[in-house]
Amino acid sequence: MEPAFYDRPVLEVARDLIGCVVTHGECAGVIVESEAYHDTEPASHAFGGPTRRNEMLFGPPGRAYVYLSYGLHVMLNTVCEQEGIGAGVLIRALEPLSGVRLMAERRGLLPERIRDLCSGPGKLTQALGIALSDNGSDLLRGPVTITPRQAGWERPPISVGRRIGITRAVDLPWRFCVTGSRFLSAPAR
DNA sequence: CATGGGATTGACT
DNA sequence: GTCAATCCCATGC
């Protein structure tokens, strides 16, 4: 992935991240679900301008914005668009690629339950061992990295729909999924 | 300084 | 389907 990848409209980045690979340590997975957020719409943490919590979103593109949801779940986002604009993509689900045994151990599940390892934004950070301390991670250098699509994922079929679990701006079709994937947090509709 | 809600999950009815 | 867990932080008094 080149630095300019993230310095584009967040909707383009969210779509293009589908099929790319998130890696942390020995664990990796293919992004099969993403959602875009932008400071111009009220569902975004960046809506209303920078605060100490969301300041990473307004920083330079290509870094990780990691935050805690509901007091216990860690969420991974990629910071997008130019510095000063609060835009990011929430990674919502992965298809596990490697490190499945460790993922299952972290998730407290049997390794054969592959579909349950990363099928949700809080699940995938737990499976990959991503923590709040990874906030600000350079996605090109690590410790959390995102790399381009591999063979078989050059042209993933993508479905677009409404974002999940929010109460504001609920009608924006800013959720992107691999059509028919069994690794989503919820089916595309 | 107190309060309440949230980009969720898993256990339970 | 319902609901509690759990904590950061934005907001308001």
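Order of the sequence lines fixes the chain letters, A, B, ..., with proteins taken first and strands second; residue numbering starts at 1 for each chain.
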Terminal contacting nucleotides, 5' and 3', DNA chain C versus chain A (heavy atom, 4.0 Å):
C:dA5 to C:dA10
Does anything in residues 25-34 of chain A form a salt bridge (charged side-chain N to carboxylate O under 4.0 Å, His left out)? List the pairs, not counting sequence neighbours.
A:E33-A:R92, A:E33-A:R175
List in chain and number order the residues that pass side chain to side chain donor-acceptor pair (under 3.5 Å) with A:Q150, two or more places apart in sequence or in another chain; answer none if no residue qualifies.
none
Could you measure between the two P atoms, the one in B:dG5 and the one in C:dC3, and give it in whole Å?
16 Å
Could you pull out all donor-acceptor pairs under 3.5 Å where a side-chain atom in residues 58-77 of chain A meets a protein atom, sequence neighbours excluded?
{"from": "A:Y65", "atom 1": "OH", "to": "A:H45", "atom 2": "ND1", "distance (Å)": "2.8"}
{"from": "A:N77", "atom 1": "ND2", "to": "A:Y65", "atom 2": "O", "distance (Å)": "3.1"}

Within 45 degrees of the axis of the six-membered ring of A:Y6 and under 6.0 Å from its centre: does A:R8 put its NZ or CZ there?
no
Heavy-atom side-chain proximity of A:C80 to A:D7 below 4.5 angstrom
no
Smallest separation among heavy atoms of A:T179 and A:S159, with atom names
OG1-OG, 2.7 Å
Rounded to the nearest 0.5 angstrom, the CD1-SG distance for A:I130 and A:C27 is 9.5 Å
Check whether any side-chain heavy atom of A:V178 sits under 4.5 Å from a side-chain heavy atom of A:F183, and report yes or no.
no
Across all chains, not counting sequence neighbours, the side chain to side chain donor-acceptor pair (under 3.5 Å) partners of A:R162 are A:D171
Dump the pairs, protein N or O against N or O of nucleotides 9-13 of chain B, anything under 3.5 Å, distances to one decimal.
{"from": "B:dT9", "atom 1": "OP1", "to": "A:P121", "atom 2": "N", "distance (Å)": "3.1"}
{"from": "B:dT9", "atom 1": "OP1", "to": "A:G122", "atom 2": "N", "distance (Å)": "3.0"}
{"from": "B:dT9", "atom 1": "O4'", "to": "A:H73", "atom 2": "NE2", "distance (Å)": "3.2"}
{"from": "B:dG10", "atom 1": "OP1", "to": "A:R107", "atom 2": "NH1", "distance (Å)": "2.7"}
{"from": "B:dG10", "atom 1": "OP1", "to": "A:R107", "atom 2": "NH2", "distance (Å)": "3.1"}

Stretch residues 6-37 of chain A: residues that reach within less than 4.0 Å of DNA chain B through a heavy atom:
A:Y37
How far does NE2 of A:H24 sit from CG of A:L124, to the nearest 0.5 angstrom?
12.5 Å
Same cluster or not: A:L57 versus A:I146, using hydrophobic residues (I, L, V, M, F, W, Y) connected whenever any side-chain heavy atoms lie under 4.5 Å apart?
no
Spacing between A:Y65 atom OH and B:dA7 atom P, to the nearest angstrom
10 Å
Output a table of nitrogen or oxygen pairs between the protein and nucleotides 1-5 of chain B separated by less than 3.5 Å.
none

Applying side chain to side chain donor-acceptor pair (under 3.5 Å) as the test, list every pair that has at least one member in residues 108-127 of chain A; sequence neighbours left out.
A:R107-A:Q126, A:R113-A:D116, A:S119-A:K123
Under 3.5 Å, which donor-acceptor pairs link side chains of residues 46-53 of chain A to any protein atom two or more places apart or in another chain?
{"from": "A:T51", "atom 1": "OG1", "to": "A:R53", "atom 2": "N", "distance (Å)": "3.3"}
{"from": "A:T51", "atom 1": "OG1", "to": "A:N54", "atom 2": "N", "distance (Å)": "3.4"}
{"from": "A:T51", "atom 1": "OG1", "to": "A:N54", "atom 2": "OD1", "distance (Å)": "3.4"}

According to the Watson-Crick and G-U wobble definition with distances under 3.5 Å, which dot-bracket string, read 5' to 3', encodes DNA chain C, using [ ] for crossing pairs and | for pairs with another strand?
|||||.||||||.
Taking the side chain as everything from C-beta on, heavy atoms only, tell me whether A:W174 gets closer than 4.5 Å to A:L90.
no
Can you tell me which residue pairs pass the side chain to side chain donor-acceptor pair (under 3.5 Å) test with a partner in residues 134-149 of chain A, sequence neighbours excluded?
none
Given atom CD1 of A:I166 and atom P of B:dG6, what is their separation to the nearest angstrom?
11 Å
Taking the same atom, P, in C:dA4 and in B:dG4, what whole-Å distance lies between them?
16 Å
